[in-house]
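Structure, as structure tokens:
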Amino acid sequence: MKVPGGGRFCTTLFRACYRDTGLRMNSPGFSMTQVRVRFAPSPTGLLHIGGVRTALFNWLFARQQKGVFILRIEDTDQSRSTDESIQAIIDGMKWVGLDWDEGPFRQTERMELYRSHAMKLLEKGHAYWCVCKAAELEARRKEAETKGLSPRYDGRCRNLGIANPSGDAALRFKAPQEGRTVVDDLIKGKIAFDNNVLDDLIILRSNDYPTYNFSVVVDDALMNITHVVRGDDHLTNTPRQIPIFEALGFPVPRFGHLPMILGSDKARLSKRHGATSIMAYRDMGYLPDAMVNYLVRLGWSHGDQELFTRQELIEKFSWKNVQTSAAVFNPDKLLWLNAEYIKTSPPDRVAQALVPFLEGAGLQDEVRAMSADWLAQLVVLVKERAKTLVEMVDWVRPYFGQSVTLDEEAAKKFLSPAMAPILGKLLARFEAFPAFSKQEWEDSFKKFVEEEGMKMGQLAQPVRVALTGRTASPGLFEVMEVLGRDRTLFRLRKGIERASHA
RNA sequence: GUCCCCAUCGUCUAGCCUGGCCUAGGACAUUGCCCUUUCAAGGCAGUAACACGGGUUCAAAUCCCGUUGGGGACACCA
């Protein structure tokens, strides 16, 4: 239930103490508690973009508050956690440039902590042994569901007082059954839950491993997490976790629940909506900065601004401007942003990111033969035409190597026998220049077109095909500049050859 | 079924807290035009939204209630 009069914008006074944590840090008179946040993914697959966005908000807040950002791997699910997934998380975080200050911690390395705290709860009477079998529980849940009842645990072992269970038993937390738990959410405001909807959740499995709802609490408490910021899907876990903090005698952190990312059909984003792994976007030729910009803007805004540097993001971020509703992931806008970043990022950086793609396309020798400066020049040549690095590979291909592969249709259309003598004359003019000069060659070209009584396009297209092999390319004279005098003349001669033998 | 969250153009959003400046602004996509040696990029213009119903008020996108719709959670998953 939404608390009346509470919520996100309740009163100015109230807001001051919970919305603007930034003020707290900066205003004198408040105790300087350092912000400590964490990203706690489970290693059960690839790092997906929703996870990256959660990490991003945490990271932004930590950096802005000069706080600490912790990476914690929640791998207490033995059957689903893998080392490859842990590596995927680390690789993904590094690729988008989200550096952490502590960790990565693995929960499986902290087992004793969970077990000892669980025993503490048992001793204090906050927990009890449950000897119900998993299969029985499952059956009862199904039955309750078909009867239209709540599929909660019925609490049958709660008052049995089992002290030394034989065989496998699980430890359950004695959840409060009365009153209400109020969550004061950073993003959604005050939310109240009636405790009577709570059931006694298992905190220690019969295999001695802790469950999620218990290990998060122990870790968040022990790691002194001040703000637990996670996906919306955890909102209803919060009233289950708060009583555990309390039973353990730990202070309760602030919570913030980020709205979900949806697919085009408004269902929670999943594989069937297309690529969801962050690394898939790297492979599709997206720049990490574009990815970050897109993901942050999906659910957060700063007036009408669309493009942000990382520094701006850190400075301008605030919980107040985080959206409360879910957002549909829009690949078109991401693509536009990527194109924007390709156009405006330093060309040498784009070139650097492009190299692996060129190598992947079989151009490793060609790339090695060229200088970094030339590569950057190449990026400048095609940057407003390629929306991804993958597309850029295709645009850039004609500029490697001495000769060029002619597109058959283009050659047939533009390198006709009738063109041969005209191209020959143009070649002679260019050959007269001892060195390439964009301005001079362009003037000469235009003068030639005029003298011949041609239209610009009539000559430009055949030359374009001769130089690039295709009918679409950047400006002719920029192309020549990147090719250089020798290759320009060489390819022109080859083009004439082809035209005369057509 | 129960509980929780959410609701402005097709999409991301501004505006909502502190009602009037909103004949609702920006961005992506889309349409048309301009520029032009091709392809882009760029420039200009256009189409397009306050879910619905009740209140409160001189005045509601903004506050309250309800309805509808969407999403999430209810595991010895996280």
Side-chain angles (χ1 to χ4, degrees), chain A residues 1-2 4 7-12 15 19 40-42 44 74-77 79-81 130 132-134 137-138 141 144-153 168 170-172 183 185 188 191-194 197-199 201-207 209 211-213 215-216 231-240 257 259-260 262 264 266-268 294 297-306 320 323-330 332-337 339 343 382-386 395 445-446 449 455-461 463-465 468 470-477:
Chain A
M1 177 213 292
K2 194 86 187 173
R8 200 166 189 208
F9 304 118
C10 45
T11 69
T12 324
R15 189 175 66 194
R19 291 292 302 184
S42 64
T44 53
E74 312 232 319
D75 58 347
T76 55
D77 183 350
S79 54
R80 298 201 306 150
S81 299
C130 172
C132 297
K133 297 272 176 283
L137 258 13
E138 178 71 25
R141 199 176 311 121
E145 249 169 77
T146 49
K147 279 187 187 163
L149 295 170
S150 195
R152 314 183 316 171
Y153 174 64
D168 45 340
L171 195 66
R172 281 190 192 267
V183 180
D185 198 89
K188 308 208 187 228
I191 305 159
F193 297 84
D194 277 325
V197 303
L198 264 28
D199 61 351
L201 40 89
I202 288 178
I203 56 178
L204 222 51
R205 300 178 171 97
S206 51
N207 68 2
Y209 273 71
T211 54
Y212 164 76
N213 275 308
S215 54
V216 249
D232 223 348
D233 47 342
H234 285 290
L235 188 54
T236 51
N237 278 328
T238 312
R240 298 152 152 289
H257 291 92
M260 303 270 88
L262 273 25
S264 50
K266 306 235 175 178
R268 192 179 175 160
Y294 178 73
R297 267 294 279 109
L298 191 61
W300 175 83
S301 60
H302 185 78
D304 288 340
Q305 193 172 348
E306 296 286 352
K320 183 172 169 286
Q323 196 73 6
T324 50
S325 52
V328 173
F329 182 80
N330 182 355
D332 276 340
K333 189 153 184 181
L334 171 62
L335 192 62
W336 169 77
L337 255 167
K343 278 183 285 187
V382 302
K383 66 179 184 179
E384 62 271 321
R385 277 155 250 263
W395 273 104
F445 186 99
K446 285 184 171 158
V449 166
K455 285 200 172 146
M456 185 68 175
Q458 287 178 286
L459 185 61
Q461 281 307 77
V463 171
R464 186 182 316 282
V465 173
T468 68
R470 340 218 259 217
T471 54
S473 84
L476 265 192
F477 307 100

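We name chains A, B, ... by the order of the sequence lines, and we start the count at 1 in each one.
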Problem set entry | Side-chain donor/acceptor of A:Ser473 to base of B:C39, under 3.5 Å | no

Exercise. Heavy atoms, side chains only, cut-off 4.5 Å: are A:Asp232 and A:Lys188 in contact?
Worked result: yes

For this session: Describe the nucleic acid contact of A:Asn237 in one word from base, sugar-phosphate, nothing, applying a heavy-atom distance below 4.0 Å.
Result: base

Problem set entry | Spacing between A:Leu262 atom CG and B:G70 atom P, to the nearest angstrom | 12 Å

Exercise. Within the structure shown, what part of the strands sits under 4.0 Å from A:Thr76 by heavy-atom distance: base, sugar-phosphate, or nothing?
Worked result: sugar-phosphate

Problem set entry | Sugar-phosphate only, base, or nothing, as touched by A:Lys343 at under 4.0 Å among non-hydrogen atoms | sugar-phosphate

For this session: Look at all strands and tell whether A:Leu298 reaches a base, only sugar-phosphate, or nothing, counting heavy atoms closer than 4.0 Å.
Result: sugar-phosphate

For this session: With heavy atoms under 4.0 Å as the rule, sort A:Cys130 into base, sugar-phosphate or nothing.
Result: nothing

Exercise. Contact class for A:Ala134 vs. all strands (heavy atom < 4.0 Å): base, sugar-phosphate, or nothing?
Worked result: base

Exercise. Looking only at N and O atoms, is any donor in the side chain of A:Glu384 or the base of B:G42 less than 3.5 Å from an acceptor on the other one?
Worked result: no

Problem set entry | Residue closer to the 5' end of RNA chain B, A:Asp199 versus A:Lys446 (nearest nucleotide) | A:Lys446

For this session: Check whether the side chain of A:Arg152 and the base of B:C74 form a donor-acceptor pair under 3.5 Å.
Result: no

Exercise. Distance check: side-chain N/O of A:Ser301 vs OP1/OP2 of B:A14, anything under 4.0 Å?
Worked result: yes

Seminar exercise, completed: Between CG of A:Asn330 and C1' of B:C9 the distance, given in whole Å, is 13 Å

Problem set entry | Polar pair under 3.5 Å, donor/acceptor by atom type, side chain A:Asp232, base B:G72 | no

For this session: Please assess A:Arg268 against A:Asp233 for the test side-chain contact (heavy atoms from CB on, under 4.5 Å), listing each intermediate value before the final yes or no.
Result: CA-CA 10 Å; A:Arg268 192 179 175 160; A:Asp233 47 342; 2.9 Å; yes

For this session: Ignoring backbone atoms, establish whether A:Gln323 has a side-chain N or O less than 4.0 Å from OP1 or OP2 of B:A14.
Result: yes

Problem set entry | side-chain N/O A:Thr324 vs B:A7 OP1/OP2, d < 4.0 Å | yes

For this session: Mind checking A:Gly299 for me? I need base, sugar-phosphate or nothing, with any heavy atom below 4.0 Å counting as a touch.
Result: sugar-phosphate

Exercise. Which part of the nucleic acid does A:Ser325 contact within heavy-atom distance under 4.0 Å: base, sugar-phosphate only, or nothing?
Worked result: sugar-phosphate

Exercise. Reckon A:His257 touches a base, only the sugar-phosphate, or nothing at all at heavy-atom distances under 4.0 Å?
Worked result: nothing

For this session: Assign A:Arg268 to base, sugar-phosphate, or nothing according to its heavy-atom contacts below 4.0 angstrom with the strands shown.
Result: sugar-phosphate

Exercise. Distance from A:Phe193 atom CZ to A:Thr236 atom OG1, nearest 0.5 Å?
Worked result: 6.5 Å

Problem set entry | Whole angstrom value for the distance that separates P of B:A75 from CG of A:Leu198 | 12 Å

Problem set entry | For B:C3, the Watson-Crick or wobble partner whose two distances fall under 3.5 Å | B:G72

Exercise. Within this structure, what is the CZ-to-C1' distance between A:Arg80 and B:A75, rounded to whole angstrom?
Worked result: 11 Å

Problem set entry | B:C76 phosphate, OP1 or OP2, under 4.0 Å from A:Arg141 side-chain N/O | yes

For this session: For A:Pro259, answer base if it contacts any base atom (sugar-phosphate contacts may also be present), sugar-phosphate if it contacts only those atoms, and nothing otherwise; contact means non-hydrogen atoms under 4.0 Å.
Result: nothing

Exercise. Quick one: A:Trp336 CH2 to B:G26 P, roughly how many Å, whole number?
Worked result: 14 Å

Exercise. Please give, in whole Å, the distance from B:C5 P to A:Leu235 CG?
Worked result: 7 Å

Seminar exercise, completed: A:Glu138 CD to B:C76 C1', in whole Å, measures 11 Å

Exercise. Roughly how far apart, to the nearest Å, are B:G20 and B:C6 at atom P?
Worked result: 22 Å

Exercise. Between atom CZ in A:Arg240 and atom P in B:C3, what is the gap in whole Å?
Worked result: 15 Å

